[in-house]
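Shown next, in structure tokens, is the structure this report addresses.
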Amino acid sequence: MRKLTISTILASAALMSVSLAFAQSADIAPDHINFPEDTPIETVHERCRDLVIVKTGNRYICEPRKSIKSYDSLEKIISDMQRADLKRDPIQAGNEGNREALRHLPDVSMATSAANTAETHKFMERYRALDDAALKGENLLNHRLMGYVLSQKLMLVDYDTSRLPFTNDSGFFNMMSYVSRQTKFKTADDYEAYAARLSELPRFFDQHSDNMRRGVATGYTASEQILPGIVDVVKSLGQGEAEDHAFFKPFTAFPDTIPKQEQARLKALGLAALNDRVLPAYAKLLTFLNQEYSPAARETAGIGTSKAGRDYYKALVRYFTTLDITPDEVHELGLSEVKRIRAEMDKIIEQTEFDGTFKDFLKFLRTDEQFYAKSADDLLKEAAWIAKRIDGQMPKYFGKLARLSYGVMAVPDEIAPNYTTGRYWGGNPEQGLAGNYVVNTYDLSQRPLYNLPSLTLHEGVPGHHHQISLAQEMKDVPEFRRSLYPTAFGEGWGLYSEKLGVEMGIYRTPYEQFGRLTYEMWRACRLVVDTGMHWKGWSRDQAEACFLENSALAPHNIRTEVDRYISWPGQALAYKIGELKILELRGRAEEKLGADFDIRSFHDEVLSAGGIPLNILEDRIDAWIERQRSQ
């Protein structure tokens with residue numbers, strides 16, 4: 001026990017006087033302090049040295065730690081959110097090692113969706129109650145990114161997006177084509193889990209069909225213009241013998257560690273899943289699409305024919321660009337970019353000494369045999385050769401390289417006819433799965449070689465494989481950040497990578513340079529076409545004209561791409577918006593740093609935090625510039 005003295009008594013009296021004075025502006029109870037609104041955080045910290053600070057709205061409350069029944073924190077909310085996300089997504093949970101999750105497909109019922117939304121609202125309430133005033137560095141970034149994730153989840157809630165659960169080439173109807181190829185098969189339990197997952201397809205399809213029926217009832221459906229391709233895929237996946245089905249392929253090859261007798265049992269299990277569950281599920285889905293959904297599909301290309309549709313599209317523009325920008329502003333930006341790129345194209349044509357008009361040059365590129373591979377293997381080999389040439393340049397432009405490797409593969413036959421010209425399929429370093437740059441070898445007359453360098457730079461390195469793998473390999477960050485992918489940042493980086501290929505020396509001929517500009521024009525036309533169809537009421541023919549008249553894209557590619565924009569409003573805007581922001585930030589850094597600008601350091605900084613919204617990227621690059629200037 002401390003001995004009382006005159007000094008301590010006088011000090012206690014002085015402290016009591018101060019406390020009484022402060023009580024005029026803050027409610028004080030023996031065990032807590034309730035501050036008035038807008039009290040400075042410095043004052044709160046000073047008064048609550050041994051207490052826990054809790055923020056409620058614009059007020060702060062300080063309480064003894066033991067009196068708080070459920071003390072919240074940034075780390076706890078992140079942990080709870082990540083746990084909830086994995087519970088909702090058994091595909092991702094299975095990839096992260098949850099053995100039970102490997103046996104299941106997501107629950108997409110309306111009741112579960114409503115429960116998930118309610119849970120997200122609770123996370124947002126907890127997030128807003130946090131005191132972020134004292135956060136710095138990675139903790140502050142985690143806080144900002146968690147707020148972004150929660151806001152994105154809630155931004156489109158009022159539009160009931162589950163009513164339309166597919167695009168022209170991807171969705172619940174062919175999801176297992178990807179999942180089956182990304183699943184590891186080493187043990188008997190792996191095969192049993194996969195068979196169990198396949199057996200859930202009837203329930204999975206029925207839930208999506210119910211959501212789509214709700215779309216029919218409320219007047220929100222896919223466009224009739226994209227449905228024939230989807231019907232064809234569903235039909236192909238629902239016919240033929242089980243032994244020949246793409247989903248059965250894992251049961252045709254077993255590791256030697258599984259005995260022959262056990263292999264026979266597992267193969268029979270797979271056949272039963274295909275015959276009893278998968279094929280009937282596809283037959284039922286096909287009937288639903290043909291008899292119920294297609295007759296009710298919207299006739300127009302765009303969604304902006306009603307006030308609800310226009311409100312939804314405005315929200316989608318903000319959602320995908322991560323910027324406060326209007327559809328009209330995007331449209332005008334697109335028109336200006338089309339004009340600029342077209343002028344650069346004219347200069348390239350002059351270099352080739354081609355005798356003819358712009359239209360004649362496009363016809364030449366689309367029809368001359370020298371620009372097309374003679375076999376699928378030839379196309380894949382050319383893609384792989386370009387990829388290796390890029391690999392040789394990477395250390396000159398990046399200080400940090402991804403450890404995970406990637407391969408080059410053809411788009412699976414069962415989805416190729418309606419699939420885009422190429423895409424990146426992410427790997428999983430912890431599961432030992434490489435990334436894959438997938439190239440569409442369907443109809444080689446529509447796959448020009450002069451576009452291949454741009455495609456490879458975008459999907460492989462330094463594009464998506466590089467950025468996504470670096471994010472997966474980040475240390476000491478919350479798990480959600482390793483897979484966070486704001487579209488404008490991710491796709492903007494992919495398009496920036498195409499332009500970076502000029503500095504890297506990847507484009508060797510004027511035709512490949514024109515191919516690069518064709519791809520840039522492709523993204524510029526997206527700004528015009530997406531807003532044109534969904535905001536200004538353009539027809540499909542008007543949309544296709546932008547590409548046909550201004551780029552050397554193959555006609556089949558143009559058709560599938562316009563199908564994509566019809567089916568996925570707003571997403572296509574992210575590419576050019578993101579690229580322009582990255583180029584702006586690089587220009588700012590070059591101007592301010594002059595001879596001290598280091599391209600490797602700049603690129604590493606852009607990618608150092610994984611996927612982030614453009615406003616946060618700008619803050620980080622501005623801070624990086626100041627650090628470089630102070631060195």
Side-chain angles (χ1 to χ4, degrees), residues 91 104-110 161-181 194-251 270-299 301 411-420 440 442-443 556 559-560 562-564 566-568:
I91 305 299
H104 300 292
L105 291 170
D107 182 348
V108 295
S109 66
M110 188 176 181
T161 58
S162 62
R163 293 176 295 171
L164 187 43
F166 56 86
T167 65
N168 68 302
D169 65 8
S170 303
F172 74 97
F173 64 94
N174 65 358
M175 184 183 77
M176 285 303 298
S177 293
Y178 171 80
V179 171
S180 65
R181 287 171 171 82
Y194 177 64
R197 178 172 275 174
L198 288 176
S199 296
E200 289 200 348
L201 271 179
R203 186 268 304 165
F204 188 58
F205 284 1
D206 284 348
Q207 288 178 340
H208 277 297
S209 296
D210 287 343
N211 291 335
M212 292 163 67
R213 287 188 180 97
R214 193 167 68 254
V216 170
T218 55
Y220 184 66
T221 64
S223 172
E224 63 182 11
Q225 299 179 32
I226 72 161
L227 287 177
I230 292 170
V231 168
D232 287 345
V233 172
V234 171
K235 185 176 181 180
S236 69
L237 287 171
Q239 63 187 10
E241 298 298 322
E243 294 91 337
D244 301 323
H245 200 283
F247 298 174
F248 184 72
K249 189 173 182 179
F251 294 102
L271 285 173
L274 265 293
N275 284 317
D276 298 343
R277 308 291 289 174
V278 174
L279 294 176
Y282 272 104
K284 184 177 180 181
L285 179 60
L286 182 63
T287 298
F288 166 70
L289 289 173
N290 282 330
Q291 296 184 6
E292 290 188 53
Y293 198 76
S294 293
R298 76 172 190 265
E299 297 178 359
V411 173
D413 291 341
E414 68 269 19
I415 62 175
N418 299 304
Y419 209 70
T420 54
N440 201 329
Y442 173 80
D443 193 356
H556 177 82
R559 288 191 295 272
T560 57
V562 172
D563 279 345
R564 174 184 168 189
I566 290 172
S567 67
W568 203 354

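Since we're looking at a predicted model, the values are computed, not measured.
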### Query
Looking at side-chain heavy atoms only, is the closest gap between L198 and R277 below 4.5 Å?
no
### Query
Is any NZ, NE, NH1 or NH2 atom of the basic residue among K249 and E414 found under 4.0 Å from an Asp or Glu carboxylate oxygen of the other?
no
### Query
Can you say whether the rings of F205 and F172 are parallel (under 30°), tilted (30 to 60°) or perpendicular (over 60°)?
perpendicular
### Heavy-atom side-chain proximity of K235 to L289 below 4.5 angstrom
no
### Query
How close do S567 and I226 get, heavy atom to heavy atom, and via which atoms?
CB-CD1, 3.4 Å
### Query
In Å and rounded to the nearest 0.5 Å, what is the OG to CE distance from S162 to M110?
7.5 Å
### Exam field: side chain T221 to backbone R298, donor-acceptor pair closer than 3.5 Å
yes
### Message
For F166 and Y293, take the angle between the two ring planes, folded into 0 to 90°, and tell me which bin it lands in: parallel under 30, tilted 30 to 60, perpendicular over 60.
### Response
perpendicular
### Query
What is the minimum heavy-atom distance between S170 and Y419, and which atoms define it?
OG-CE1, 3.9 Å
### Task
Check whether any side-chain N or O of N211 sits under 3.5 Å from a backbone N or O of V108 as a donor-acceptor pair, and report yes or no.
yes
### Task
Check step by step if side chain to side chain contact (heavy atoms under 4.5 Å, CB included) holds for N168 and R559.
CA-CA 11 Å; N168 68 302; R559 288 191 295 272; over 6 Å; no
### Task
Indicate yes or no: at least one non-hydrogen side-chain atom of T167 is less than 4.5 angstrom from one of D563.
no
### Summary
In short, salt bridge (Lys or Arg N to Asp or Glu O under 4.0 Å) pairs touching residues 207-216 with sequence neighbours left out are D160-R214, D210-R213, R213-E292
### Query
If every non-hydrogen atom of A242 is compared with every non-hydrogen atom of L271, which pair is closest and at what distance?
CB-CD2, 3.9 Å
### Query
Could you walk me through whether T287 and K284 pass the side chain to side chain contact (heavy atoms under 4.5 Å, CB included) check?
CA-CA 5 Å; T287 298; K284 184 177 180 181; 5.7 Å; no
### Query
Got a sec: does the CG of D413 have more than 12 other heavy atoms crowding it under 6.0 Å?
no
### Query
Shortest non-hydrogen contact from A416 to V411?
CA-CG1, 3.8 Å
### Query
For atom CD of E241, is the number of surrounding heavy atoms from other residues, nucleotides or ligands below 6.0 Å larger than 12?
no
### Task
Hey, can you tell me if F251 and Y194 have their rings parallel, tilted or perpendicular (30° and 60° cut-offs)?
tilted
### Query
How far apart are the closest heavy atoms of A195 and A273, and which atoms are they?
O-CB, 3.9 Å
### Task
Please report the closest heavy-atom contact between S294 and V231, naming both atoms and the distance.
OG-CG2, 4.5 Å
#### Entry: Spacing of CG belonging to L201 relative to CG belonging to L274, to within rounding of 0.5 Å
9.5 Å
### Summary
CG (D169) and OG1 (T560) are apart, to the nearest 0.5 Å, by 8.0 Å
### Task
Find the distance between CG (D232) and CD1 (I415) and round it off to the nearest 0.5 Å.
14.0 Å
### Query
Can R163 and V216 be said to form a side chain to side chain contact (heavy atoms under 4.5 Å, CB included), step by step?
CA-CA 8 Å; R163 293 176 295 171; V216 170; over 6 Å; no
### Rounded distance (nearest 0.5 Å) linking atom CZ of R197 with atom NE2 of H104
9.0 Å
#### Entry: Separation of R203 CZ from D107 CG (nearest 0.5 Å)
5.5 Å
### Query
Between Y442 and H556, how do the two ring planes meet: parallel, tilted or perpendicular, split at 30° and 60°?
tilted
### Message
Contact between M176 and V278 at the side-chain level, heavy atoms closer than 4.5 Å - yes or no?
### Response
no
### Message
Side chains of R564 and T420 only: does a donor on one sit below 3.5 Å from an acceptor on the other?
### Response
no
